[in-house]
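Position 1 is the first residue of the sequence, and the numbers go up from there.
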Amino acid sequence: MASPGTFSDEPLSPAGRLFLQPKTELVMHCIVRTKNPIDIDAAKATVMASLMGQHPRFCSLLVRDDNGFEHWRRTQLDIDRHVIVFNNRLDKSGRFIDETGTQAFSFNEEEEEEEEMAVNQYVADLSVSSPLSTDKPLWELHLLMAHKCVVFRIHHALGDGISMMSMLMATCRRASDENALPLMVPVTTGESKGKRRRRFWFWFWFWLLGALWEFLKMAWFTLVYVMEFSLRVCLVSDRKTVISGGDGVELWPRKMVTAKFLLQDMKTVKKAIPNTTINDVLFGVVSSGLSRYLDHRTPNALREGLRMTGVAMVNLRSKPGLQEISKLMEDNSEARWGNRFGVILLPVFYDKAGNDPLKCLKRAKTMVDRKKSSLEAYFSYRIGDLVMKLLGSKYACLLNYRLLCNTTFTISNLIGPLEEITLSGNPISSIKVTTSSLPQAITMHMLSYAGRAEMQILVAKDIIPDPEFLAKCFEDALLEMKVAAIGGK
C-alpha cells in the first residue's frame with residue numbers, strides 16, 4: 001500500500017523491515033488447544049479487551065511512502081476481519097471436509113492423534129503459501145471450532161516470539177485463580193540481607209581473581225565465533241545430506257509433527273552433568289536425534305563427526321524468558337516490545353550409536369557454554385542492524401537468506417506457563433508455536449507448558465518424507481539419556 005507519510009506515522013524498525021522482504025518474510029503461528037468448545041463472542045470480546053486489541057502495532061496498517069519506506073499507520077480495528085471462524089472439520093491432510101462441528105466432542109487417544117495431525121497439517125499449509133493481507137493490521141485468529149483450536153497468526157514485523165507470547169500470557173489467567181496472571185518462573189524465598197552480604201564478601205575475591213580470565217575467554221570466543229559467523233554468511237556451507245535444504249526450499253510443501261517430552265525427564269537428565277540447563281539437554285537431544293535419523297536414512301554413508309549447523313535464536317533483553325507486559329510497553333525499557341533477538345550458530349556432529357547416551361549432551365553443554373562466553377548473539381544483532389541502515393533491507397535480506405541456506409536447521413526454545421491456564425475462561429490443554437517456512441528443510445520450535453514440552457517440527461516433506469520417525473528419534477534420545485542418567489547415579 002503506497003501512501004505519502006504523515007506526521008503520525010511510525011517508521012518500522014530495521015528488523016521489522018527485514019521480515020517484510022519476500023525471501024525472509026515470516027509469520028508466527030501459535031496453536032492453542034482448549035478443553036471446551038470455543039465461544040466465538042467471548043473470544044472476540046477477550047481480544048478487544050486485551051492489549052492485543054489496544055496495542056499500537058495490532059491497530060496499525062503497513063503503509064509505504066513515496067520513497068518506498070515502510071511505516072505503521074493507526075487505524076480502526078475491525079475484529080470481525082481478524083477473527084476467522086471455520087466450522088468444518090479437518091482431515092489428516094489438513095483439508096476441510098463437509099462434516100461440520102460447531103460442538104466438539106471427547107476423543108480417545110487414537111482420535112486425539114488424528115486431531116493433532118489434522119491441525120498440524122493445516123498450519124503447515126499456512127506456513128508456505130498464505131501471507132497476511134496488508135489491507136488490515138498484520139494478524140489473524142483462526143478458530144477451528146470442530147477441533148477446539150485457536151491459531152494465532154502474527155507477522156514477525158510486529159515483534160519477536162518473546163513479545164508475542166508475553167502478550168498472549170497477559171490475556172490468559174491461571175486455571176486455579178481466574179484473577180491471577182500465569183506463573184512463568186518458580187517462586188523462591190529470598191535470602192536475608194546478612195546472608196547475602198556474607199555470601200557477597202565470600203565470593204568477591206574469587207570473582208576478582210577470575211574476572212580477567214573470564215574477560216580473556218569472552219574476547220577469544222567472540223573473535224572466533226564472529227569470524228565463523230561471517231564466513232558462514234559469505235562462503236562456508238554445511239555438507240549436503242538427506243536433510244539439507246537450500247535456495248528456494250522455503251516454497252516447497254511442508255509437513256509438521258510434534259515431538260513430546262516431559263520436563264521432569266529433562267530435569268533428570270540435566271542433573272547427570274553439573275550446571276547443565278534445559279537448553280543444553282534440548283541441544284543434546286537434537287544432536288542425538290539427528291544422528292539417529294541419518295543412520296536410518298543413510299546407514300554407513302556418513303563419516304563420523306560430520307558437522308550440521310543450527311541457527312538458534314537468543315533473547316537479548318536483560319531479563320530471560322517471557323517478559324512482564326508493562327515492561328514491554330515502556331519505550332526506554334531494556335525489555336521493550338519489538339524484535340530484540342540475535343542468533344548464534346550451534347553445530348551438531350553426526351555420531352553413530354555408541355555406549356554413552358550422554359556423549360551428545362556433554363558435547364552440547366561444552367559448545368553452549370562457549371557460546372554463552374562470547375558476544376556472538378549481540379554481534380549478529382548489531383551487524384544486521386548496521387547493514388540494514390547502511391545498505392538497505394535488500395542486502396540485509398540477502399545476508400540473512402544466505403545464512404539460512406548455508407546451515408541445516410533453525411531451533412528456538414521458550415519457557416511457558418508452569419501450570420494450567422485459561423483463555424476467555426476456557427481451560428487450555430496445549431500451546432505450540434512455529435513459524436512460516438524457511439529455506440532450511442527442518443525448523444524446530446519448543447515451548448513448555450504445565451510440566452510438558454512440545455516441539456513443533458516443520459519439514460519440507462519432499463526432503464524429509466517421514467517426520468514422524470524424526471520426532472520419535474528425538475523422543476527416544478531423551479528417554480535413553482534419562483535411563484543413562486538414572487543408572488549413573
A.B. asks: So, taking the atom named OG1 in T434 and the one named CE in M28, what distance separates them when rounded to the nearest 0.5 Å?
C.D. replies: 11.5 Å

A.B. asks: Identify the heavy atoms of F283 and A364 that sit nearest to each other, and give their distance.
C.D. replies: CD2-CB, 3.4 Å

A.B. asks: Is there a donor-acceptor pair under 3.5 Å between the side chain of T408 and the backbone N or O of G310?
C.D. replies: no

A.B. asks: List in chain and number order the residues that pass side-chain hydrogen bond (donor to acceptor under 3.5 Å, both in side chains) with K255, two or more places apart in sequence or in another chain; answer none if no residue qualifies.
C.D. replies: E468

A.B. asks: Output all residues satisfying salt bridge (Lys or Arg N to Asp or Glu O under 4.0 Å) with R297, sequence neighbours left out; order by chain, then residue number.
C.D. replies: none

A.B. asks: Are E214 and S373 close enough that a side-chain donor and a side-chain acceptor fall under 3.5 Å?
C.D. replies: no

A.B. asks: Identify the two heavy atoms, one from M446 and one from A453, that lie closest to each other, and give their separation to 0.1 Å.
C.D. replies: SD-CB, 3.9 Å

A.B. asks: If only atom types and distance count, is the side chain of S166 paired as donor or acceptor with the main-chain N or O of I162 below 3.5 Å?
C.D. replies: yes

A.B. asks: Considering only residues two or more places apart or on different chains, which pairs with a residue in residues 443-474 satisfy ring-ring contact (aromatic ring centres under 6.0 Å, His included)?
C.D. replies: H296-F469

A.B. asks: For L404, does its backbone N or O pair with a side-chain atom of T407 as donor and acceptor, under 3.5 Å?
C.D. replies: yes

A.B. asks: Can a donor-acceptor pair be found, under 3.5 Å and without considering hydrogens, that links the side chain of Q121 to the backbone of R254?
C.D. replies: yes

A.B. asks: Test: salt bridge (charged side-chain N to carboxylate O under 4.0 Å, His left out). Region: residues 425-445. Which pairs qualify, not counting sequence neighbours?
C.D. replies: E116-K432

A.B. asks: Would you say that E376 contacts T222 through its side chain, given a criterion of any heavy-atom pair below 4.5 Å between the two side chains?
C.D. replies: no

A.B. asks: OG of S127 to CG of L26: how many Å apart, nearest 0.5 Å?
C.D. replies: 10.5 Å

A.B. asks: Where do A175 and T422 come nearest, in terms of heavy atoms and distance?
C.D. replies: CA-CG2, 3.8 Å

A.B. asks: I'd like to know if the side chain of H147 reaches the main chain of L90, judged simply by a donor and an acceptor atom lying under 3.5 Å from each other, with no hydrogens or angles considered.
C.D. replies: yes

A.B. asks: For residues 400-421, which residue pairs pass the salt bridge (charged side-chain N to carboxylate O under 4.0 Å, His left out) check, not counting sequence neighbours?
C.D. replies: K35-E420, R174-E419

A.B. asks: Under 4.0 Å between a Lys/Arg side-chain N and an Asp/Glu carboxylate O for D91 and R95?
C.D. replies: no

A.B. asks: Which value, rounded to the nearest 0.5 Å, describes the distance between L144 atom CG and R33 atom CZ?
C.D. replies: 10.0 Å

A.B. asks: If you define the side chain from C-beta out and look only at heavy atoms, does anything of F58 sit under 4.5 Å from L51?
C.D. replies: no

A.B. asks: Are the side chain of S374 and the backbone N or O of F221 linked by a donor-acceptor pair below 3.5 Å?
C.D. replies: no

A.B. asks: Report yes if the side chains of D238 and R232 come closer than 4.5 Å at any heavy-atom pair, otherwise no.
C.D. replies: yes

A.B. asks: Within the structure provided, determine whether F379 and S230 are in side-chain contact (heavy-atom separation under 4.5 Å).
C.D. replies: yes

A.B. asks: Which heavy atom in M169 sits nearest to a heavy atom in P417, and how many Å separate them?
C.D. replies: SD-CG, 3.3 Å

A.B. asks: List the atom of M308, the atom of L294, and the distance in Å for their closest heavy-atom pair.
C.D. replies: SD-CD1, 3.4 Å

A.B. asks: For E178, look at atom CD and say whether over 12 heavy atoms of other residues, nucleotides or ligands are found less than 6.0 Å away.
C.D. replies: no

A.B. asks: Just jot down the side-chain hydrogen bond (donor to acceptor under 3.5 Å, both in side chains) partners of K217, sequence neighbours excluded, or say none.
C.D. replies: none

A.B. asks: Check ring-ring contact (aromatic ring centres under 6.0 Å, His included) between F229 and all other residues, then give those that pass, not counting sequence neighbours.
C.D. replies: none

A.B. asks: Assess whether atom NZ of K472 is packed by more than 12 heavy atoms of other residues, nucleotides or ligands within 6.0 Å.
C.D. replies: no

A.B. asks: Show, in sequence, the C-alpha distance, side-chain angles and deciding distance for M165 and I431, and conclude whether the side-chain contact (heavy atoms from CB on, under 4.5 Å) test is met.
C.D. replies: CA-CA 10 Å; M165 287 303 301; I431 310 175; 4.3 Å; yes

A.B. asks: Could you work out, with ring-ring contact (aromatic ring centres under 6.0 Å, His included) as the rule, every residue matching H156, not counting sequence neighbours?
C.D. replies: F19, F341

A.B. asks: Given 3.5 Å as the limit, does a donor-acceptor pair link the side chain of T268 with the main chain of K482, or not?
C.D. replies: no

A.B. asks: Using side-chain contact (heavy atoms from CB on, under 4.5 Å), reason through I31 and C149 one step at a time and then give a plain yes or no.
C.D. replies: CA-CA 7 Å; I31 307 169; C149 275; 4.3 Å; yes

A.B. asks: Roughly how far, to the nearest 0.5 Å, is CE of M256 from OG1 of T443?
C.D. replies: 9.0 Å

A.B. asks: Are the side chain of E114 and the backbone N or O of K92 linked by a donor-acceptor pair below 3.5 Å?
C.D. replies: no

A.B. asks: Do F409 and I243 have side-chain heavy atoms sitting under 4.5 Å apart?
C.D. replies: no

A.B. asks: Between V483 and P357, is there a side-chain heavy-atom distance shorter than 4.5 Å?
C.D. replies: no

A.B. asks: Please report the interatomic distance NZ(K267) to OG1(T277), rounded to the nearest 0.5 Å.
C.D. replies: 13.0 Å

A.B. asks: Is there a donor-acceptor pair under 3.5 Å between the side chain of S380 and the backbone N or O of G342?
C.D. replies: no

A.B. asks: With a 4.5 Å cut-off on side-chain heavy atoms, are L470 and I442 touching?
C.D. replies: yes

A.B. asks: Could you state the interatomic distance from OG (S412) to CE (M444), rounded to the nearest 0.5 Å?
C.D. replies: 9.5 Å

A.B. asks: For Y378, is the OH atom crowded, meaning more than 12 foreign heavy atoms sit under 6.0 Å from it?
C.D. replies: no

A.B. asks: Check step by step if side-chain contact (heavy atoms from CB on, under 4.5 Å) holds for Y293 and D466.
C.D. replies: CA-CA 10 Å; Y293 183 76; D466 51 353; 2.4 Å; yes

A.B. asks: Which residues satisfy the side-chain hydrogen bond (donor to acceptor under 3.5 Å, both in side chains) test with Q456, sequence neighbours excluded?
C.D. replies: N120, T258

A.B. asks: Once salt bridge (charged side-chain N to carboxylate O under 4.0 Å, His left out) is applied, what residue pairs with a partner in residues 274-292 remain, sequence neighbours excluded?
C.D. replies: R292-E480

A.B. asks: Side-chain contact, heavy-atom cut-off 4.5 Å: R307 with R239?
C.D. replies: no

A.B. asks: Considering all heavy atoms of both residues, which atom of G246 and which atom of C405 are nearest to each other, and what is their separation?
C.D. replies: C-SG, 4.0 Å

A.B. asks: Within the distance-only criterion (no hydrogens, no angle test), does the side chain of T309 pair as donor or acceptor with the backbone N or O of L345 below 3.5 angstrom?
C.D. replies: no

A.B. asks: Before you tell me yes or no, could you show the steps for L141 and M52 under side-chain contact (heavy atoms from CB on, under 4.5 Å), namely the whole-Å CA-CA distance, both residues' side-chain angles and the distance that decides it to 0.1 Å?
C.D. replies: CA-CA 11 Å; L141 263 66; M52 180 176 287; 4.3 Å; yes

A.B. asks: Name all pairs fulfilling the salt bridge (charged side-chain N to carboxylate O under 4.0 Å, His left out) condition that reach into residues 360-370, sequence neighbours left out, sorted by first residue then second.
C.D. replies: D356-K362, K365-D369

A.B. asks: Using the side-chain hydrogen bond (donor to acceptor under 3.5 Å, both in side chains) criterion, which residues pair with K270? Sequence neighbours excluded.
C.D. replies: none

